[in-house]
Amino acid sequence: MNAKKPKIQLFTLLVIDEYGNSIPVSSFFSNKEDTTSMILFFEKVKEAVGQQIKAEVFMSDDAPQFYNAWEQVMGATKFHLLCWWHVNKNWTANLNSKIKNKEKREIVKKSLFVLATNIENKDEFEANLQIFLNELQEDEDTWLFYTYFCATYINERKCWAFCYQKHTVEITEDTISKPRQELISKLQVMLGYAQSTDEDHIPNTLKYLERALSYMKNPNKKLVEKKNLNPLEKIIQQRDVNEKNLLINETNDSENYSLISDKICDPCDPANALPKYQLEKKERIMKGPFCPILEVYPRSKFGNTLRSFNKSWYLSFDRLEYSPKLDRAFCFPCRMFVTSSGLNAGYTDLAFTQVGFKNWNNATSKFKMHQNTKNHSHNVKAHSDFLNGKSINIVLDDCKTLLISQKEKQRQNNRSIMRRLIDVTLCLAKSGKPFRGHHENMSSVSKGLFLDFIDVLKKYDNVLENHLEKGALNAKYLSNRIQNDLLTCINNVMKRTIQSKIKNRTVSIMADETSDVGHHEQMSVIIRYFDEEKCQPIEYFIGLQRLLSVTSEAIFNSLSIQISNLNIEWKSVIAVCFDGASAMSGKFNGVQAKVKELNPNISYVHCYGHCLNLVLVDCLGSKNRVIFDFFGCVQLIYSFIEGSPSRHAVLERIVQETNIKLKTLKSLSTTRWACRSESVSAIENNYNSLLQCLKEISETTTQPDVRVQANGIIYQMKSYNFIFALYVMKPLLAQIQIVSAKLQTSNLNLLSAVTIVQALKKSLISLRSDEDEYSRLYNKVLDVCNAYQIEIPNVKHRRVSNKIDNNHTQHFSLDKKSEMKTTVYYVVLDDLFNGLENRFSQETLNLINSISCMMQHKIESLDIDILTKKFDLHRDEFEGELRLIRAIPDFEGGTSNNTIHKWLEKLSTLGNFINVQKTLKLFTTIPVTTCSCERAFSKLSLVKTKLRSQMKQNRLDSLMMIFVEQELASQINPDDIIDEFKSMYPATRRLEL
């Protein structure tokens, strides 16, 4: 703050603590109010603190020197706010000087106050601001203030409008009152000092202190509105009431147009800036208005009614265009030729040229009104003259035609250069290779794959060679920033392609998290939808999002951002598939619950792959000691052999001498689904070689601990329990591995998944009841024990204990065969079966059973109710279609994936069974596993390595998009990438594209 202007001024720096209280931390007197003085002040503050103050918000008056000095000393802040008292003071002064009509001046003043302080919604503020500007512009008495306001404050509205300030810092009455009392006491002390001093400058300081103290004790009161309004005030007040709910978006609508949006935007979208160069602008004008046809346009609330843009308006108003990114309408000639004629000076309609029109409630009348305006007529004529005539520079000078043709030739040459750079970028990104080198200067031998590729190409490509040898040094387009821009453009084009594929379709969302090599938590997001052409579900990777927190709220917000970038709303999502983490699957506060709050019809699927893995982890717990110790020994064998290259070399030599193919040992992991089956299979195949290897290591090693470990592993491997567990688990894990591999197929549906899980359960039941199978297994164990001279322990005959002891059962066996069957074999089978029963009993089970009955022509009334409710079907039509299908011999019953695919192909050919076809399409859209997310994580480990751990998130997301979706990346048009590239920063591109 500063006091009124005497010779010496007081400046005070205040900060806001975590409780919202503002605290004065430093003050100084100065006879100057410039940037240099402020820099000296802030330098002293920095010196006292000992470091730069990283502030998020900086508030000052309109004078720029305060923030400029702070930015130079402390660095830029996230928000720069203007003090409302000073803004209001400047508005009042200019209102008095520029609006002579007193009544209008008071109306404008009140409108400004309401606009700045009483509107909390950003969209509502922008809409009312546009209405307010239109009112000022159309009135001759307010025209001068309109020009002043637009020139001074319209571009700084985020600094003074309360709707933009409410998210930065909360200012309450206590925030001002408490430091005010402290300043009053300090000013009183300073006033006493000034009164007792005889220096020359003290009289002015004394007046200043008295005035400041008087102001601090009696702050200004709030303005009181007049109760008796004149007719013009009533009109404006009624207009404000009518427009109060204007442009308040629904919960899922896009962010305000004035903010930077991450949504994928077409280069022709009116949200983008117009091309800078003449030929590019001509090319854009020749394309005509941007008229995207959407099945459903975003809706906005007007009073109690939801309204949206209507595609039929394209026919009624042929110069109308629409921006999906902003959800606003524009006038094409007015937007293109707004500055082409001096006739439009001062009469520009911002709603149709820059801001965009969104008042769908009165759209037709407003469009007609705009067509009748003079500036629209001028712009239409300019558009017509442009299409039918020559540009003014060609008319004035015929030589310009040759010059323009040369520029066009150069532009096409520039685009051909960009195509080569794009091809190199795509080649490296699709293979997951690094772009950069450690040293990228001209003298470096290895400058990185990107620059090395360019060096090789220019040897055989004259176009690229001329560009690099003779082109401008500041426009070679080989820097790391250009690489990032190209990757971002490719990413945007690919996402826009995916967006067009899933437009107006029902989708499913799959997400999973992992940590990368840089210790960042990354969330992979996959969408799944039904493709009409391929007649099967398709999955696309849509992005990698870094999670700063793993709470359900943070994950849900990140997930919402990812899908909103593709214009996907939660109401068009039919299912979500996550792992079983509580933050994801929690029924009350997990992501599942938050998703269902927005769309109760969404089904949650616990990833079947994770479920099967959890079943296996649970059944191998410490309850079954024989199996538990067996897997501990398996892991110990891997660690001992593979932990030393010399020990691994001994195993390889022994395998070669015995002419047996070595099967690689695998480490156990709770997250890798196939590791247990592969580990057990490797131990069984290499059993003899491992024993010889361990024996040789034990005899030749000079390290006592290695000898002890080798002897211990030999002892365990030559135990009866180890052999029994080995031949019990191998066939079980082989079956589970087959089921796991089947569950990982991308086009699998829930019915097929449940069918194969049911088959596994039946197999377990069969093994438990088949005595012959157990006898064959036990005989094989005896054969191995006899071959390796392994002693079979005797059964300890005990009597029933009469007191509590360490025995966990009162059942005693007569021989070892029956003992191992009851204590090990049955326990493993029972744990697996119970785990499958519990883990796969999900909320979609009733839906799966209903689909199964429908596919086998056994559907009942309850099944029809479930399917009708889930997929929003017409019950009577659905029942009729099912009766007809039963009578058609081509629709064979079955629950396999192929059967469903055949039904869908036949239904698409017939074309009359809408409800049945819709049921199968949506059902196959529901995902089974998050395996696609896991595959993306596998590629993440190849893209972000230890040498590339400092990669920024935007670059990583773009590289992952290209690397994961290689087929889609190969199909995109390079010209689309170039258009995206030039529209990204149109004012800073040095090459004309």
Name the one of Lys311, Lys287, Arg284 that satisfies salt bridge (charged side-chain N to carboxylate O under 4.0 Å, His left out) with Glu321?
-> Arg284
Any side-chain donor paired with an acceptor under 3.5 Å for Asn414 and Gln410?
-> yes
Looking only at non-hydrogen atoms, find the nearest pair between Leu464 and Lys458 and report the distance.
-> CD2-N, 4.1 Å
The reported gap from CG in Asn492 to CE in Met984 (rounded to nearest 0.5 angstrom) is 6.0 Å
Leu144 vs Ile99 side-chain heavy atoms within contact, under 4.5 Å = no
Is there a donor-acceptor contact under 3.5 Å from the side chain of Ser564 to the main chain of Asn567?
-> no
Out of curiosity, Lys982 NZ to Ile977 CD1, how far, rounded to the nearest 0.5 Å?
-> 14.0 Å
So, Lys430 versus Ser970: side-chain donor-acceptor pair below 3.5 Å or not?
-> yes
Once you round to the nearest 0.5 Å, how far does CD1 of Ile498 lie from CD1 of Ile527?
-> 6.0 Å
Does Thr488 use its side chain to pair, donor to acceptor, with the backbone of Asn484 at less than 3.5 Å?
-> yes
Say you draw a straight line from CG of Leu968 to CD1 of Ile538; how long is it, rounded to the nearest 0.5 Å?
-> 11.5 Å
Mind checking the CD1-CG spacing from Ile490 to Asp485? Nearest 0.5 Å is all I need.
-> 11.0 Å
May I ask you to say whether Arg415 pairs ionically with Asp979, meaning some side-chain N is under 4.0 Å from a carboxylate O?
-> yes
Taking every non-hydrogen atom, the tightest pair across Lys476 and His467 = O-NE2, 3.1 Å
Side-chain (Asn362) to main-chain (Ser365) donor-acceptor, under 3.5 angstrom | no
How about Glu533: does its CD atom have over 12 heavy atoms from other parts shown lying under 6.0 Å from it?
-> no
Identify whether NZ of Lys or CZ of Arg in Arg955 sits under 6.0 Å from the centre of the six-membered ring of Phe435 and within 45° of that ring's axis.
-> yes
Check step by step if side chain to side chain contact (heavy atoms under 4.5 Å, CB included) holds for Lys501 and Thr497.
-> CA-CA 6 Å; Lys501 291 178 180 291; Thr497 304; 3.9 Å; yes
Could you tell me the separation between the CG atom of Asp269 and the CG atom of Leu326, rounded to the nearest 0.5 Å?
-> 6.0 Å
Aromatic ring pairing Tyr540/Tyr529, orientation class (parallel under 30°, perpendicular over 60°, tilted between) = parallel
Judged by modelled atom types alone, do Lys98 and Asn94 share a side-chain donor-acceptor pair under 3.5 Å?
-> yes
Over 60° means perpendicular and under 30° means parallel, so classify the ring planes of Tyr314 and Phe309, tilted if in between.
-> tilted
Grab the two heavy atoms, one from Val493 and one from Asp976, that are nearest each other, plus how far apart they are.
-> CG2-O, 3.8 Å
Salt bridge (charged side-chain N to carboxylate O under 4.0 Å, His left out) assessment of Asp423 paired with Arg419 = CA-CA 6 Å; Asp423 287 340; Arg419 292 188 189 96; over 6 Å; no
Is the side chain of Ser377 donor-acceptor paired with the backbone N or O of Thr373 at a distance under 3.5 Å, no angle test?
-> yes
Start with the C-alpha distance between Ile454 and Tyr477, add both sets of side-chain angles, then the distance that settles side chain to side chain contact (heavy atoms under 4.5 Å, CB included), and finish with yes or no.
-> CA-CA 11 Å; Ile454 298 298; Tyr477 281 11; over 6 Å; no
Flag the pair Ser300 / Leu306 as yes when at least one side-chain heavy-atom distance between them is below 4.5 Å, and no otherwise.
-> no
So, do Leu478 and Ile482 sit near enough that their side-chain heavy atoms are less than 4.5 Å apart?
-> no
Test Phe317 against Thr364 for side chain to side chain contact (heavy atoms under 4.5 Å, CB included), laying out the working first.
-> CA-CA 9 Å; Phe317 307 95; Thr364 305; 4.2 Å; yes
Backbone N/O of Phe541 and side chain of Glu965: donor-acceptor pair under 3.5 Å = yes
Under the 3.5 angstrom rule, does the side chain of Asn466 hit a backbone N or O of Asn462 as a donor-acceptor pair?
-> yes
So do the side chains of Pro270 and Phe290 get within less than 4.5 Å of each other, counting heavy atoms only?
-> yes
Between Lys495 and Leu566, does a side chain to side chain contact (heavy atoms under 4.5 Å, CB included) hold up when you go through it step by step?
-> CA-CA 7 Å; Lys495 287 184 178 179; Leu566 296 179; 3.9 Å; yes
Is it true that Glu283 and Arg411 make a salt bridge, defined as a side-chain N closer than 4.0 Å to a carboxylate O?
-> yes
So, the side chain of Gln966 versus the backbone of Phe963: is there a donor-acceptor pair under 3.5 Å, distance only?
-> yes
Side-chain donor/acceptor of Asn413 to backbone N/O of Lys409, under 3.5 Å = no
Ring centroid separation for Phe352 and Phe332, is it under 6.0 angstrom?
-> no
Identify the two heavy atoms, one from Ile422 and one from Pro974, that lie closest to each other, and give their separation to 0.1 Å.
-> CD1-O, 3.9 Å
Side-chain heavy atoms of Arg496 within contact of Pro267, under 4.5 Å | yes
Measure across Ser308 and Pro298 and return the closest heavy-atom pair with its distance rounded to 0.1 Å.
-> CB-O, 3.1 Å
For Ile568, does its backbone N or O pair with a side-chain atom of Lys571 as donor and acceptor, under 3.5 Å?
-> no
Minimum heavy-atom distance between Gly356 and Arg328, given as atom pair plus value | O-NH1, 3.5 Å
Check: Phe367 and Trp313 side chains under 4.5 Å, non-hydrogen atoms | yes
Ser983-Asn272 side chain donor-acceptor pair, cut-off 3.5 Å = no
Evaluate the criterion ring pair (Phe, Tyr, Trp, His ring centres under 6.0 Å) for residue pair Trp360 and Phe302; output intermediate values, then yes/no.
-> CA-CA 8 Å; Trp360 312 132; Phe302 296 83; 7.7 Å; no
Side chain proximity check, Ile285 to Phe337, heavy atoms < 4.5 angstrom | yes
Does a side-chain heavy-atom distance below 4.5 Å link His370 with Cys334?
-> yes
Any side-chain donor near an acceptor of the partner, Asp327 and Tyr322, under 3.5 Å | yes
